[in-house]
Enquirer: 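Before anything else, here's the structure in question.
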There are 2 protein chains.
Amino acid sequence: MSHITLDDVAKVSGFSKSTVSRVLRNDPNVNPITKEKVEQVAQRLGYIPNIVARSLRSKKTTTIGVVIADICNPFFPSVVRGVEDVAREKGYSIILCNTDEKYEREKEALNTLIQKRVDGLLISPVQKKFDDLLELRRQKIPFVLIGRHFDPLEMDHIVTDDIRGAFMATEYLIKKGHKKILFINGPLYTSCARERMAGYKKALVENNIKLDTKLLKEGALKMEDGYRVIKKAISSKLDFTAVFAFSDLVAFGVIKALKEQGRKMPDDVAVVGYDNIDFGFSLELPLTTVHIPKYELGSEGMKLLHRKINEKINETQKIVLDTKLIIRDSA
Amino acid sequence: MSHITLDDVAKVSGFSKSTVSRVLRNDPNVNPITKEKVEQVAQRLGYIPNIVARSLRSKKTTTIGVVIADICNPFFPSVVRGVEDVAREKGYSIILCNTDEKYEREKEALNTLIQKRVDGLLISPVQKKFDDLLELRRQKIPFVLIGRHFDPLEMDHIVTDDIRGAFMATEYLIKKGHKKILFINGPLYTSCARERMAGYKKALVENNIKLDTKLLKEGALKMEDGYRVIKKAISSKLDFTAVFAFSDLVAFGVIKALKEQGRKMPDDVAVVGYDNIDFGFSLELPLTTVHIPKYELGSEGMKLLHRKINEKINETQKIVLDTKLIIRDSA
DNA sequence: TGATAATTTGAAATCGATACCAAATAAGCT
DNA sequence: AGCTTATTTGGTATCGATTTCAAATTATCA
């Protein structure tokens with residue numbers, strides 16, 4: 001006795017495979033009495049449906065792929081949690097893949113996910129290239145981008161209003177009297193870095209502050225990056241009174257470097273982060289930051305994906321969630 | 001043209017399905033010249049193997065289930081990352097499920113994972129009941145418990161030495177002169193809470209300190225729990241000079257409450273946490289804590305699972321990883 | 001009551017691969 | 001050359017469900 005199959009249930013209950021299948025799928029076209037009988041037999045035999053077989057025939061796996069940079073980046077757990085909650089509710093499981101911000105890894109992940117025939121994908125794309133995404137489109141596999149988007153490519157996505165987020169952060173610093181705001185931005189191949197740059201510049205322009213390109217740094221993703229930039233800035237005597245960091249993680253590095261250099265926060269240097277990750281509040285000086293609705297990014301993204309999978313929506317859906325400034329003590 | 005199948009590749013290349021299948025699986029029993037030809041055709045047609053079909057026949061899905069309490073609990077991302085890295089390397093994908101520490105959710109998760117025919121499971125069990133795990137065993141599905149274990153049940157697991165961890169933490173506090181150490185433990189249905197309790201008591205005994213049950217609290221899992229316990233302890237004038245918390249998360253709550261009550265750390269009250277999560281260092285006063293090798297818990301757990309799946313190991317494997325005390329400033 | 005429609009059931013084909021065994025071909029050796 | 005063995009290939013059954021379409025049964029109503 002290897003495993004009880006639908007066949008076994010059919011034989012024992014005396015009904016056909018078709019009928020048994022209908023019962024187990026809760027197909028309404030079946031006599032309640034029959035249903036009852038079949039269910040009892042299934043129960044008694046300890047029948048466990050084989051979803052692999054079902055998937056092969058029905059061409060649905062009730063599984064979706066979630067491709068992110070790194071679950072250890074405190075930005076992502078909430079996103080993934082949002083996805084999983086909605087996915088579970090709708091009957092999907094999620095396969096999680098980390099790319100470490102490497103295009104090749106993203107491509108590999110998408111490949112196996114395609115081969116495993118996931119019903120759809122939620123992707124926080126690396127954005128160094130996008131051939132792999134075009135391939136998804138060619139395969140007609142529904143997918144939704146999370147947190148980043150490719151502007152001219154007309155792909156479904158859910159993002160946050162980063163122009164506004166960066167604008168608010170920068171303007172807040174300006175209103176506090178800062179004119180020399182060091183902007184440690186992320187890699188410019190990401191849409192969010194480009195948009196935050198736009199927000200930063202917009203705030204400067206509207207407040208008649210001339211852009212100083214020496215105050216623009218890019219490519220920061222991790223704590224070390226923030227740390228390194230500050231160390232270098234200080235050793236090269238760069239003049240700045242405030243720092244706007246690409247992420248809270250980067251801001252943490254900034255704060256660490258500042259502390260080591262004996263610069264006081266927020267008096268010597270004001271610091272504003274981005275993301276509003278947990279524990280940003282538990283710093284020596286709670287971090288002022290721009291809040292991103294991370295959970296909603298995931299949950300709403302999954303809802304959109306679900307619609308994409310089940311309804312035939314042709315137009316590209318673009319969702320933009322609001323950001324908001326969280327004022328605490330670091331600026 | 002819906003999708004290119006192995007059949008199509010066979011027809012176009014002129015070889016049989018069997019041969020084509022062998023080529024695509026890298027079976028060595030095939031003429032290199034044939035292999036070359038078939039691969040070219042597959043490439044040209046844009047053939048994408050259907051792993052669902054393969055899984056049905058081969059009874060292997062190259063997918064494993066990962067069941068944890070909550071990816072948003074900062075303890076888990078590293079664990080999951082460790083799992084995923086090794087899994088990917090060995091050719092597996094991971095399906096992630098959150099249980100929120102609820103038995104019913106765990107049971108549901110295991111059910112769908114069984115139905116999806118995962119090759120194995122990594123589980124951080126809720127431990128309120130374990131019928132679902134016995135069912136896994138009955139189904140002969142390999143699984144490894146992570147971070148928690150059921151002592152008399154002889155199940156494979158990978159855990160940390162929590163008796164020693166709690167012992168070290170407690171003894172450290174004692175050596176610092178503390179005699180009244182409030183122990184805010186986790187729920188006693190978890191093996192780790194019970195072991196930490198044992199470590200705590202052992203340290204007291206070895207140092208001739210009488211156990212005061214009023215200093216024992218249990219059931220704490222989240223920040224709020226730590227916060228609440230301290231508030232209540234202080235309002236009821238409980239006498240303590242140190243706190244040993246079940247987790248860093250709980251310790252954060254403790255610290256918050258302490259701060260609100262105007263008690264200084266570490267002079268009025270010393271605090272020690274557990275887990276050594278990221279950002280524990282970035283507190284006002286960096287947190288003294290017990291380090292758990294989270295990544296290794298995941299990666300080694302996955303390695304063990306892989307062996308369990310591929311070799312027929314009958315004896316139960318129990319792995320115990322070392323904990324270590326991280327001395328910082330909070331105690 | 002008899003014709004028609006609705007409900008319920010079943011038989012067979014199918015999803016796309018792998019497994020198993022047999023056949024064909026090539027290689028090795030006395 | 002002739003026989004044995006190794007290598008390579010092919011045919012068919014199979015994994016375990018769903019789908020499609022037809023048949024049987026029951027219900028509806030003039």
Enquirer: Expressed as a whole number of angstroms, how long is the span from A:I33:CD1 to C:dT7:P?
Expert: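 In whole Å, C:dT7 P lies 16 Å from A:I33 CD1.
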Enquirer: Name the closest nucleotide to the B:T34 side chain, picking from D:dG10, D:dC15, D:dT8.
Expert: D:dT8
Enquirer: Just call it for B:S18: base, sugar-phosphate, or nothing, with non-hydrogen atoms closer than 4.0 Å on any strand.
Expert: base
Enquirer: Can you find a side chain N or O atom of A:R54 that sits less than 4.0 Å from OP1 or OP2 on D:dT18?
Expert: yes
Enquirer: With heavy atoms under 4.0 Å as the rule, sort B:N31 into base, sugar-phosphate or nothing.
Expert: sugar-phosphate
Enquirer: What's the separation between atom CZ in A:F150 and atom CG in A:L134, rounded to the nearest 0.5 Å?
Expert: 8.5 Å
Enquirer: What's the CZ-P distance between A:R117 and C:dG16, to the nearest Å?
Expert: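 Atom-to-atom, A:R117 to C:dG16, this comes out as 8 Å.
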Enquirer: Which nucleotide in the set D:dG16, D:dT9, C:dT9 lies at the smallest distance from any side-chain heavy atom of A:V30?
Expert: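 When the side chain of A:V30 is considered, C:dT9 is the closest of D:dG16, D:dT9, C:dT9.
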Enquirer: Decide yes or no on side-chain hydrogen bond (donor to acceptor under 3.5 Å, both in side chains) for A:T62 and A:K90, but give the supporting numbers first.
Expert: CA-CA 9 Å; A:T62 57; A:K90 309 255 187 221; over 6 Å; no
Enquirer: Distance check: side-chain N/O of B:K59 vs OP1/OP2 of D:dT14, anything under 4.0 Å?
Expert: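 B:K59 to D:dT14 OP1/OP2: no side-chain N or O under 4.0 Å.
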Enquirer: Is the closest basic N to carboxylate O distance between A:R22 and A:E39 below 4.0 Å?
Expert: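 Salt bridge absent between A:R22 and A:E39.
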Enquirer: Does OP1 or OP2 of D:dG10 have a side-chain N or O of B:T19 closer than 4.0 Å?
Expert: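 For D:dG10, OP1/OP2 do have a side-chain N/O of B:T19 under 4.0 Å.
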Enquirer: Describe, as an angle rounded to 10 degrees, how the axis at the first end of the helix from C:dT1-D:dA30 to C:dT30-D:dA1 is tilted relative to the axis at the last end, five pairs per end.
Expert: 30°
Enquirer: Any side-chain N or O of B:R22 below 4.0 angstrom from OP1/OP2 of D:dT9?
Expert: no
Enquirer: Where the side chain of B:L6 is defined as all heavy atoms beyond and including C-beta, which of C:dT18, C:dG16, D:dG10 is the nearest nucleotide?
Expert: C:dT18
Enquirer: Evaluate B:K60 against B:D119 for salt bridge (Lys or Arg N to Asp or Glu O under 4.0 Å), listing each step before the verdict.
Expert: CA-CA 6 Å; B:K60 281 179 207 141; B:D119 292 340; over 6 Å; no
Enquirer: Is the distance from OP1 or OP2 of D:dG11 to the nearest side-chain N or O of B:S16 less than 4.0 Å?
Expert: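 So the side chain of B:S16 is outside the cut-off, no N or O lying under 4.0 Å from OP1 or OP2 of D:dG11.
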